[in-house]
Amino acid sequence: MSDTTTESTDYDPELVVTAMLAAARLTVSDEEKAQMIKDFPVMRASADELYLPELEFYEPAPKFNPAAYYPA
Amino acid sequence: MHSIEEQFEKQLDQALESNGLTPLPEDRAALLKAFTTGREQAALVFSVAEARYEEPDLIFSASLS
Amino acid sequence: MTAPDVVAPEEGALSSALTIADAQTALRDGTLTATGLLREAYATADAVDETLGIYLSRFDETAQAAAAAIDAAFAAGEDPGLLAGIPLGIKDIISTTEGETTAQSLVLDRAWGAGVGDAVVVSRLRAAGAVITGKLTTMEYATGVPDPTKPFPIPRNPWNTDYWTGGSSSGTGNGVAAGAILGGLGTDTGGSIRIPSAFCGITGLKATFGRVPKSGCVPLGYSLDNIGPMARSARDCAIMLNALAGYDASDACAVEVPTEDYLAGLDGDLSGLTIGLDRLLGKAPNRDPAVDAALDAVVDVLTGLGATVVEVELPLWQELNAATRITSRSEAFAYHAPDLRSRWGDYFSATRTGVGAAIAFTGADYVQAQRVRRVGQKAVAALFETVDLIITPTSSVAGWKIDELDSMADRFGSMHTGYWNALGNPALALPMGFSGQPRAGGLPLSLQIIGRPFTESLVLRAGDAYQRVTDWHLLTPAAADRSETAVVAS
Amino acid sequence: MTTELATPGEESAATSTILTIADAGEALRSGTTTSVELTTAMLEKATALNPALGAYVEITSDLALEQAEAADAAFSAGSDAGPLQGIPLAIKDIIKVAGVPTTANSRILDPAWGGEADAPVVARLRAAGSVFIGKSTTSEFALGQPDAEKGFPVPHNPWDVTRTPAGSSSGTGVATAAGLAFGGLGTDTGGSVRGPATVNGHSGLKVTFGRVPKAGVVPLGYSLDSIGPMARSAYDCALLLQVMAGYDAADPNAADVPVPSYTAALDGSVEGVKIGLPIPYFFDHDQLDPEVRDGVLSAVQALVGLGATSTEMELAHADKAQHANALILVGEAYAYHRNNMVQRWTTYGKYTRPGLVRGMFYTAADFVQANRFRVLWCEQVAKALQTYDVLITPSAPTTAQVAADMNPSQRLRQPSYTGQWNLSGLPAICIPTGFSSEGLPLSMQIIGKPFAEATVLKIADAYQRITDHHLQVPPVDALITTAA
């Protein structure tokens, strides 16, 4: 699948990418933005597919250790 | 030039859409307030100079017990 | 609102609170039975629950059976445990074998609790002989504020029922204050043990992150959540902590640090200790002047107990509070995303807009918040090289009216608790006076005592020492006056 | 810039036939060569070939010769710090070497970054008497393809300079394959040690997360990064790892786990070793080059011939594991780079920016969710590794791509076989299995349990005792442009 296929989405990738770039205070070139608009749906889909039902009661892997930096 | 509030509203709308959320009209004011506060909190954590070369506090361990 | 004269109340009428420690003695010297104690507790609940909103479900039959078994054990000369016969309530996001776990929400699948049975902390309380009286009100999924459009009780402050209990361990807060239970479990992700303890005038401990296993509890912030004891006094919290603390493999965040007898250190002596006070002035959008008057009195009491109190300034105050908010909202949204998408309206308004606002954060914002947590950890560890304990007000205000809760005013800024969830240190909230007059509409004020990680004994020693020479924790609201029908010993 | 140097062709026959660290060690101790001689030859070759191959950002000739002389002096004084004494190595230019600037191949990195001292892993190599030929080229901040306009040497695949040397530890890979160092250090967050080893035809080991301290290294993915040995043979990787591995308090992620003797474990036997082959995604993907697959399957047969057993099996969600790794990687990377990206967007290379900015497009909840999925993936692989000693997969779906055809968006849509093992923090080595019909290196990947580097290295070494793909040297002399 080439890098130009655009996925069908129930949102407008151009509006979303424009808003997100503004929120992140990033100014990018036109062709960079064009490629981001093509890439965003692929990224969004690859994130959405991680919300597997069987993960409902899974904890994240990285752990917080409150005692770091205190003498044992 | 859009005012800051209008910009935040636009960002909120796009974020709601791309995250698949459809809030009720009555929630809009509270959502916008929380979204705006969130943006400010995100900017705040990026203003901490000492964090420049700091590791995150969450440690991954390969040998899961 | 003039600053009240901060003085211990006159003896008699107001200080009729029964602590777990008192009940332990009375159960063993025959002046009280577990059955009588339970009957009295449920009688109080029958009288006040309608207005206060303490319970979501009660376990009268199983509780009475447990109490009877305890009495039989005592009669047979056995000692069935350090919490034998003590009526305790469980916040309804922690699973028990009896009844349902609802998280005070229409959304939580009722099959979850049934599948879990007793959370580790609940089975530990039972093993220590505790009588589990029922499931206590919370905020929906432990976040947000009450929503009158949803079929759940509105938790009210027993000291002034126009006011909110605070949350999210609301029913544990007003349940203990009103005497419906002698203690209970709360959870604390950004202050949810310490705030209801503060507003309801009782004592609550958020122990070190990982000290008490949190398996069997609906998550809010994976790297922030703590289950902890709420009761009248620091001593009572220590008694409960002895049963609750300790590693369990079922909780990936539990730490294998040895526990200790948290009662052993409560000797009332603070000599040689240096305590750093940060008044947190100017940190909250509004400040009740009674808080500052109460803090001055606290300094005198602690100095009198042999401690040296010095002024300190907590590092990165705004930044660490922001880190806690970013972390808890993002972690909660990961858990709730599927349900928020499919059944947004079923959630309480404040829960959905609060957790839903996590869409403001990028993955990088979340990682940056974890980097700021580590910077804060190092800075506070350095501060703890110069002091043994830190004290601050738990909140700059004594609470909010229920009907003021609808607008999403930044209440988080007035509550000085989330800072310590970012860092994981143990933090105890205990009463330090009143804003206004007790039983005349006045509201409790609260002191927060913080120690280095895993120094719960020292934190509890300071709280207990303070409570040996003051009575704030023994005051009870009118709701707690024993109803005539209660029979003390049968 | 090339200086009047004797063309490498005239170097003494002895040094040009020494290919591995093990061989060099023997030659140094038997007196057939000296560290100065080895080092001088490699410095000349590296300098002459940098225009064509772009292996080094900076060749540290003075430092290298100083270390070589010290090593030779030590040998003659009868003091032997171990197998790396006198061995010329390449250090990826995101790892701090005292007295030498670190660029991360970027105009962004603050020259003062990293302070003065060696990174702990470099200090260990230095104390072991090794020689630093130079700081090898890397993808900018270890991400993306090189942008020639930024003025850094551009690395090329020594087997075909139109092909990518892969990344991000490109320079160390090129130097190892072309003989401009006996090996060296790379870093691996999503495949950056294993990618270059795959396409340049040598061995590269991604270690267990926490096995080698990563203090003093510019981070990319905090919970994914690893520093790994790159060399021609698995045996050489074991020699390097022996010095690199072990706890260091300076790295909060370092694992306090004892370090075994890796070379002692390389007994050449794979008797009874149980190999799992996860078929879905790794062996049946439509973008997998059949020559690559067949290379792996014949290598597995060779191991079965030595007494191992291999079983086809499956790992669910292998594609999602790759996506989760990429999502966590860019989230962690963008946190580090966010302020510079906002203020100095165009100072970053044009192929670095699109990769890095993705950290901004995923939500915080996505990042948390990827780390929840991570537990599911770790549990599944841990279960499989109770049945099998190792898993074997292709190292990558294709041989080296033509550099000009590559772009950052492709990576989003192509299968990849390396990130799954950063996500689970497991040790994974890539070794050559032969050459494609186009003469490009083929490779396979061996994955083991946490801290089981010895097992992974043993199986790779056993294979390399009966094959010599890892000893083939690309014909680079023709690429030398005599001084203008």
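Proteins come first, then strands; the chains are lettered A, B, ... in the order of their sequence lines, and each starts at number 1. The structure presented is a predicted model; accordingly, all values stated were derived computationally and were not measured.
The contact between C:Tyr222 and chain A is made by backbone and side chain atoms together, counting heavy-atom distances below 4.5 Å. Only the side chain of C:Glu385 comes within contact range of chain A, judged by heavy atoms closer than 4.5 Å. Interface remark: C:Ala422 contributes backbone atoms only to the contact with chain A (heavy atom separation under 4.5 Å). Within the 4.5 angstrom heavy-atom criterion, no atom of C:Val218 approaches chain A. Contacts between C:Phe454 and chain A at a heavy-atom distance below 4.5 Å involve the side chain alone, from C-beta outward. Contact of A:Asn65 with chain C is made through the backbone alone, with heavy-atom distances under 4.5 Å. Heavy-atom distances place both the backbone and the side chain of A:Ala68 under 4.5 Å from chain C. Interface remark: C:Arg341 contributes side-chain atoms only to the contact with chain A (heavy atom separation under 4.5 Å).
Residues A:Glu56 and C:Trp112 fail the side-chain proximity criterion, which asks for heavy atoms closer than 4.5 Å. The side-chain heavy atoms of C:Lys214 and A:Glu59, taken from C-beta on, include a pair separated by under 4.5 Å. Side-chain contact check for A:Tyr70 versus C:Val380: some heavy-atom pair is nearer than 4.5 Å.
A cation-pi contact, defined as under 6.0 Å to the ring centre and within 45° of the axis, is absent between C:Arg374 and A:Phe64.
Of all the heavy atoms in A:Lys63 and C:Ala252, the pair that sits closest is CE-CB, 3.3 Å.
Between the side chain of C:Gln377 and the backbone N or O of A:Pro66 there is at least one donor-acceptor pair closer than 3.5 Å.
The choice from C:Ala382, C:Gly424, C:Pro219, C:Ala360 that makes the most heavy-atom pairs within less than 4.5 Å of chain A is C:Gly424.
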